Amino acid sequence: MRLLVKVARMYHERGMRQPEIAAQLSMSQPRVSRLLKEAVDRDVVRTVVISPDGVHSELEDALVEQYGLRDAVVVDTDGAGTAVIPALAAATATYLDATLKGGDVIGISSWSATLLESVNVMSAKTTPVAEEIVQIVGGSGSPEVQLHATRLTSRLAELTGARPVFAPSAALVGSRELRDLLWQEPAVAAVVKAWSRLTMALVGIGTLDPSPLLRRSGNAIAPEDQRQLEALGAVGDVCTRYFDAEGRPVNADFDARIIGISPEQLRQVDRRIGVAGGEEKIAAIRGAALGGWINVLITDVEVARALVSRG
């Protein structure tokens, strides 16, 4: 035991390397290595990780365990509501910078103000880190706001060195028959085919109350559709696909008129990154996590604490 403590103090407190310890104590380096391992096994040495301010690794671990996520990123924010967007956008840009290694086919939900801001603060890569950036839900509303959706897809493609694939259609069309006809158009068929190649999806998480961005667009969800969603118990959506508090899909009448990735296709994507924050989105974020709509969550600390306490 005396030797264990001696070797451990030389290594951990004095910063000596294993060859130096072996030479000073006249023993082999493999024996020093074994003693250091034994010191940990016998609780002589305990490793403690102290997180600095603004790093919430324990909360992230709790989210991963409680909701079966692949990863979680929790950030401090200044304020609530739309005030959380800058911090979430910066965290998303940092996450993508660290995890995009090349070869990904990335689907993007183009109706998230946070994703728009994320692209604005992202740095361009010097070498390509993705093959394609694919729009996974059609446009919506006025041409002015539709321009934002197209710009988001093209800008992310430019930053990552990828080829953009646009969805040249509204997200919600007038009838099922029109949707079926559009589905056969070569340009729309090409983007639908690209959805089967996705390795990653980057999505916002919406609530029944439309975001400021969708309000400006004229919000394609009609009042009667909104009332039906409420009656069906919907709490949020991903790519205009609505779900209830437990994450179960809500089958609204307008589902058959959507030009966008289906829930089944989305869940087949290996990495599904949801970016959302603010107390008004807690129920929607929880539903998205419980239903497997996402398996990576980037959110703010207040939402994360509420999610962990609610279970």
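All values derive from a computational prediction rather than experimental measurement.
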What's the shortest heavy-atom distance between [X] and [Y], and which atoms?
{"X": "Ser109", "Y": "Leu152", "result": "O-CD2, 4.0 Å"}
{"X": "Ile21", "Y": "Val7", "result": "CD1-O, 4.1 Å"}
{"X": "Ile298", "Y": "Ala91", "result": "CG2-CB, 4.0 Å"}
{"X": "Ala304", "Y": "Val74", "result": "CB-CG2, 3.8 Å"}
{"X": "Gly236", "Y": "Ala284", "result": "CA-CB, 3.9 Å"}
{"X": "Tyr95", "Y": "Val73", "result": "CD1-CG2, 3.9 Å"}

inquiry  = Please check this pair: side chain of Thr199 against backbone of Val105, looking for a donor-acceptor N/O pair closer than 3.5 Å.
reply    = yes
Gln66 side-chain N/O to Val308 backbone N/O, donor-acceptor pair under 3.5 Å:
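Yes, because the side chain of Gln66 sits within donor-acceptor range (under 3.5 Å) of the backbone of Val308.
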Taken in chain and number order and not counting sequence neighbours, the residues that satisfy side-chain contact (heavy atoms from CB on, under 4.5 Å) with Val269 are Leu198, Ala201, Arg272
Between [X] and [Y], is any pair of side-chain heavy atoms under 4.5 Å apart?
{"X": "Leu208", "Y": "Gln226", "result": "yes"}
{"X": "Arg34", "Y": "Pro30", "result": "yes"}
{"X": "Leu229", "Y": "Phe254", "result": "yes"}
{"X": "Leu307", "Y": "Leu297", "result": "yes"}
{"X": "Val134", "Y": "Val191", "result": "yes"}

Using 0.5 Å steps for rounding, measure from the [atom1] atom of [X] to the [atom2] atom of [Y].
{"X": "Arg14", "Y": "Glu20", "atom1": "CZ", "atom2": "CD", "value": "9.5 Å"}
{"X": "Ser123", "Y": "Leu96", "atom1": "OG", "atom2": "CG", "value": "11.5 Å"}
{"X": "Asp104", "Y": "Leu202", "atom1": "CG", "atom2": "CG", "value": "11.0 Å"}
{"X": "Leu182", "Y": "Arg179", "atom1": "CG", "atom2": "CZ", "value": "10.0 Å"}
{"X": "Met200", "Y": "Ile106", "atom1": "CE", "atom2": "CD1", "value": "4.0 Å"}
{"X": "Thr160", "Y": "Met122", "atom1": "OG1", "atom2": "CE", "value": "6.5 Å"}

Partner residues of [X] under the side-chain hydrogen bond (donor to acceptor under 3.5 Å, both in side chains) criterion, sequence neighbours left out:
{"X": "Ser154", "value": "none"}
{"X": "Glu158", "value": "Arg155"}
{"X": "Arg70", "value": "Asp270"}

Could you work out, with salt bridge (charged side-chain N to carboxylate O under 4.0 Å, His left out) as the rule, every residue matching Glu38, not counting sequence neighbours?
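Once residues adjacent in sequence are excluded, the partners of Glu38 under the salt bridge (charged side-chain N to carboxylate O under 4.0 Å, His left out) criterion are Arg42.
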For [range], which residue pairs pass the salt bridge (Lys or Arg N to Asp or Glu O under 4.0 Å) check, not counting sequence neighbours?
{"range": "residues 1-12", "answer": "Arg9-Glu13"}
{"range": "residues 21-31", "answer": "none"}
{"range": "residues 182-204", "answer": "Glu132-Arg197"}
{"range": "residues 232-255", "answer": "Asp244-Arg248, Glu246-Arg286"}

For side chain to side chain contact (heavy atoms under 4.5 Å, CB included), just list the numbers for Val303 and Ile285, CA-CA rounded to whole Å, side-chain angles, deciding distance to a tenth of an Å, and then say yes or no.
-> CA-CA 9 Å; Val303 167; Ile285 295 169; 3.8 Å; yes
Quick one: which residue pairs count as a ring pair (Phe, Tyr, Trp, His ring centres under 6.0 Å) with a foot in residues 278-299, not counting sequence neighbours?
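Sorted result for residues 278-299: Phe243-Trp293.
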### Query
Do Arg271 and Thr99 have side-chain atoms, one donor and one acceptor, less than 3.5 Å apart?
yes
message = Would Leu3 and Leu35 count as a side chain to side chain contact (heavy atoms under 4.5 Å, CB included) here? Give the steps.
response = CA-CA 8 Å; Leu3 188 58; Leu35 287 167; 4.0 Å; yes
State whether the number of non-hydrogen atoms from other residues, nucleotides or ligands found under 6.0 Å of Glu65 atom CD is greater than 12. no
Hydrophobic cluster identity match, [X] and [Y], side-chain contacts under 4.5 Å:
{"X": "Val44", "Y": "Met27", "value": "yes"}
{"X": "Leu181", "Y": "Leu172", "value": "no"}
{"X": "Trp183", "Y": "Leu178", "value": "yes"}
{"X": "Leu116", "Y": "Val84", "value": "yes"}
{"X": "Val5", "Y": "Met10", "value": "yes"}

Contacts satisfying side chain to side chain donor-acceptor pair (under 3.5 Å) that involve residues 294-305 (not counting sequence neighbours) are Glu302-Arg305
May I have the list of side-chain donor-acceptor pairs in residues 256-267 shorter than 3.5 Å, sequence neighbours left out?
| from | atom 1 | to | atom 2 | distance (Å) |
| --- | --- | --- | --- | --- |
| Arg257 | NH1 | Val173 | O | 2.9 |
| Ser262 | OG | Glu264 | OE1 | 3.4 |
| Ser262 | OG | Gln265 | N | 3.1 |
| Ser262 | OG | Gln265 | OE1 | 3.2 |
| Gln265 | OE1 | Ser262 | N | 3.0 |
| Arg267 | NE | Gly291 | O | 3.1 |

Next on the checklist: Working note: Val40 + Leu36, criterion side chain to side chain contact (heavy atoms under 4.5 Å, CB included); need CA distance, chi angles, decisive distance, verdict.
Outcome noted: CA-CA 7 Å; Val40 173; Leu36 288 170; over 6 Å; no
Exactly one candidate in Val275, Thr114, Ile294 meets side-chain contact (heavy atoms from CB on, under 4.5 Å) with Ile205; the answer is Ile294
Step by step, work out the side chain to side chain contact (heavy atoms under 4.5 Å, CB included) result for Tyr11 and Val45.
CA-CA 11 Å; Tyr11 184 78; Val45 172; over 6 Å; no
